[in-house]
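Have a look at the structure below, then the notes.
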Amino acid sequence: MKTLLELITIEMETAFENAGYDRELARVTLSNRPDLCEYQCNGAMAGAKRYKKAPFMIAEDVASRLENSACFSSVDVVKPGFINLKLSPDYVAAYLNDMAADEKLGVEEEKNPKTIIIDYGGPNVAKPLHVGHLRSAIIGESIKRIARFKGHHVTGDIHLGDWGYQMGLIITELKKRKPDLPYFDENFTGDYPEEAPFTIGELEEIYPTASAYAKEHEDYREEALHATYLLQNGDRGCTAIWKHIMAVSVADLKKNYERLNVHFDLWKGEADAQKFIPDMVQMLKDKGYARYDDGALVVDVQEETDNKEVPPCMILKSDGAALYDTTDLATLVDREQEFHPDQVIYVVDKRQELHFIQVFRCAKKTGIVPQETELTFLGFGTMNGKDGKPFKTREGGVMRLENLIREIEDEMYKKIMDNRTVDESEARKTARTVGLAAIKYGDLSNQASKDYIFDVDRFTSFEGNTGPYILYTIVRIKSILAKYEEMGGSIADLKIPAPAGEYEKALMLQALKFNDVINTVYEETAPHKICAYIYDLANEFNKFYHETKILAEEDGARRKGYISLLVLTKRVLETCIGLLGFEAPERM
Ligand code: ARG
């Protein structure tokens, strides 16, 4: 279904052409003076020079061709040559009914869907999830849902950090604590135990302890590095411990992401890329892309047009070890073989931008991915506390995700209980749903690349540009619809009538922008524009609600008309929050 903006642009183009002007001039935009009109066209101004005519005259010519237009109820020419447009109420209603009849509310699926991989989440196994990983999960999940809604084939990959020094640290610490475990016995040839020698709780304590200890004790650090080396070279005992670490951590991660309503299709990680490294390195050498620099193997990626230095991509350290660059390149080899993607999107902290510039250039230059593959780095900013510094606990430590979520939920619980519409156990459940919305909306309503301040008080407020406000609006609509049904009304065979009042029309005009907004959001990878849109939509709905007797309306047909509009508004809001990755409760 064409967007309304496209439809009225076509209408204006025809009018320009019929009046003897170039149709290219007929660009229509949303009005920036909503008090005067709904849409506007400034094409007459642009045509003045070309046709050596006063813009006002051109505008008058065009307007005269629109006298019988079904789209507009008024076409006003204003000096020096603006064309101010108001939509005909019938036209608006017809558009909304088409939208309501469409499964995707008027959003057209892509005719040539792309195969897209989204690399997001990126937690490091065995280290507790912290708020830094929250943004990647929230933004990535939303982008995945938006691209899918547009009909693309999207695979979300968590890309675990599961192959680094933290593994060596854990192995070393475990050996110190439980030296008698068979994993450390070189002569052991039997089957290792199936059960892990630690719980998730222990694991989470082992890592920070080992990490701190290694900073103070060089010999311990050496040992951890050696354990990492052994693991990466297939040592049997280390590999068995690694598998335990993976199983225990991944089970815990799944629980955490589930709670965030974040779902990955692939649970691959850095370790999975390792087997692609030897052939890749050989290829880089054989084709002459790689060179040795001080013992390290590197690929140059500096380009002539760069105005600052872009260091070479590091493939192997002088001791032969692979690095972060290597793993990301090998992951692309894997992805190319398995999916041959049209696009790979990385949702990662923007401080890693240089790494991705190097990797992307190297991958293109060496043919690891074809020239036409789009490699997109979506760098996000830092989540800061109210003091403007990276978010910390009250004690100044790294805030664990679980605690952050709990804090928000407790706050939500208090607010919901203050409302006294639900009992305690329902309030707990509702607090989870609304708390998640508070966190996600608080994050997604900011442009991803910007830093933002995580403000519990503001994010959990029922008023203002917040998740809870949006949910409150949806819940309000649900409650009106439920009452309507209780009164014997039916929510079947609905048809939206032409708007009679100003607030009703304003709400309709906002609702019908949905497909246009979603197209832009997809093209610009900009979920924050969904937030801006639903905030406006919720505001228009609430104004309408306060100005209109809906259930008390005596004219049955008109009452049903209002209900039709409410049903559509609710669908639009729910679809939008679904794309953001959260949902609304029944009551709150
Ligand atoms: N594990 C990494 C980190 O915590 C993020 C991984 C991002 N994705 C990637 N393909 N490099 O910093």
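Order of listing sets the numbers, starting from 1, for every ligand and every atom in it.
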Among Tyr346, Tyr257, Phe264, whose ring pair (Phe, Tyr, Trp, His ring centres under 6.0 Å) with Tyr120 holds? Phe264

For ligand 1, list the protein residues that place a heavy atom within a distance below 4.0 Å of one of its atoms, sorted by chain and number. Asp119, Gly122, Asn124, His133, His159, Tyr324, Asp328, Tyr346, Val348, Gln352, Phe356

Would you say Leu579 and Ile518 make side-chain contact, with heavy atoms under 4.5 Å? yes

Answer whether the closest heavy-atom distance between the side chains of Lys104 and Thr575 falls below 4.5 Å. no

Any residue meeting side chain to side chain donor-acceptor pair (under 3.5 Å) with Asp286, in chain and number order, not counting sequence neighbours: Gln282

Applying ring pair (Phe, Tyr, Trp, His ring centres under 6.0 Å) to Phe149 and not counting sequence neighbours gives none

If you look only at pairs with a residue in residues 205-216, which of them pass as a salt bridge (charged side-chain N to carboxylate O under 4.0 Å, His left out), with sequence neighbours excluded? Arg177-Glu205

